[in-house]
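The analysis underlying the following values was restricted to heavy atoms, covering all of them including side chains, and did not include hydrogens, waters or symmetry mates. The chain is numbered in sequence order, starting from 1.
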Amino acid sequence: MKLIYVDDEPIQIKNFGLTVEGMKRIDGLKTFEKGCDALEWAKLHAVDVAFLDIEMPGMNGIELAKKLKEIDHNIKIVFVTAYE
C-alpha cells in the first residue's frame, strides 16, 4: 500500500512515520506539510490511502480529499485531527 500523510504539524508527521515504520503491507509513505504539495505529488504518483489533517492553513483536509478523489476515485481517505 502506498500512503500519503498530510499535516501542518511536523511532530504529527514524525509520529505517524514511526507508527507505520516496519508494517509489512506499507510499500511507501510520502509526507507533506501543505495540501497543495501533496496534491501535485498525487497527480504523478499512485496513492492507495491518504491520511489528512482536517484543519490546515491554505487548503484544508476536506478540500484536499475532494481534489484527490477527482484524481483517483479509488483513493481511501482517513481524516486525522487533534481537535475533539
For this session: Indicate yes or no: at least one non-hydrogen side-chain atom of Met56 is less than 4.5 angstrom from one of Val6.
Result: yes

Exercise. Are Val78 and Trp41 connected, step by step, through hydrophobic side chains (Ile, Leu, Val, Met, Phe, Trp, Tyr) whose heavy atoms are closer than 4.5 Å?
Worked result: no

Exercise. Taking all non-hydrogen atoms of both residues, which atom of Phe79 and which atom of Ala65 are closest, and how far apart?
Worked result: CZ-CB, 3.7 Å

Exercise. Under 4.5 Å between any side-chain heavy atoms of Leu3 and Phe51, yes or no?
Worked result: yes

For this session: Mind checking the NZ-CG spacing from Lys30 to Asp37? Nearest 0.5 Å is all I need.
Result: 9.5 Å

Exercise. Linking I/L/V/M/F/W/Y whenever their side-chain heavy atoms sit closer than 4.5 Å, directly or via other members, would Ile26 and Val49 fall into one cluster?
Worked result: yes

For this session: Would you check if Val80 and Ile54 make a side-chain contact, meaning some heavy-atom pair closer than 4.5 Å?
Result: no

Exercise. Glu63 side chain to Asn60 main-chain N or O, any donor-acceptor pair under 3.5 Å?
Worked result: yes

Exercise. Are the side chains of Lys34 and Asp8 in touch, meaning some heavy atoms are under 4.5 Å apart?
Worked result: no

For this session: Output yes when a side-chain donor or acceptor of Asp7 lies under 3.5 Å from a complementary backbone atom of Asp53, and no otherwise.
Result: no

Problem set entry | Residues which pass side chain to side chain donor-acceptor pair (under 3.5 Å) with Lys43, listed by chain and number, not counting sequence neighbours | Glu40

Seminar exercise, completed: When every non-hydrogen atom of Glu33 is compared with those of Pro10, the smallest separation belongs to OE2-CG, 3.7 Å

For this session: Indicate yes or no: at least one non-hydrogen side-chain atom of Leu52 is less than 4.5 angstrom from one of Leu68.
Result: yes

Problem set entry | CZ-CD1 distance between Phe16 and Ile11, expressed to the nearest 0.5 angstrom | 14.5 Å

For this session: Look at the side-chain heavy atoms of Ile, Leu, Val, Met, Phe, Trp and Tyr, link any pair under 4.5 Å apart, and say whether Met1 and Ile77 land in one connected group.
Result: no

Exercise. Quick one: does Val47's side chain get under 4.5 Å of Lys2's, heavy atoms only?
Worked result: no

Exercise. Any side-chain heavy atom of Phe32 within less than 4.5 Å of one from Leu39?
Worked result: no

Exercise. Pairs in or reaching into residues 64-74: which pass side chain to side chain donor-acceptor pair (under 3.5 Å), with residues at least two apart or in two chains?
Worked result: none

Exercise. Are Leu29 and Tyr5 side-chain neighbours, meaning at least one heavy-atom pair lies under 4.5 Å?
Worked result: yes

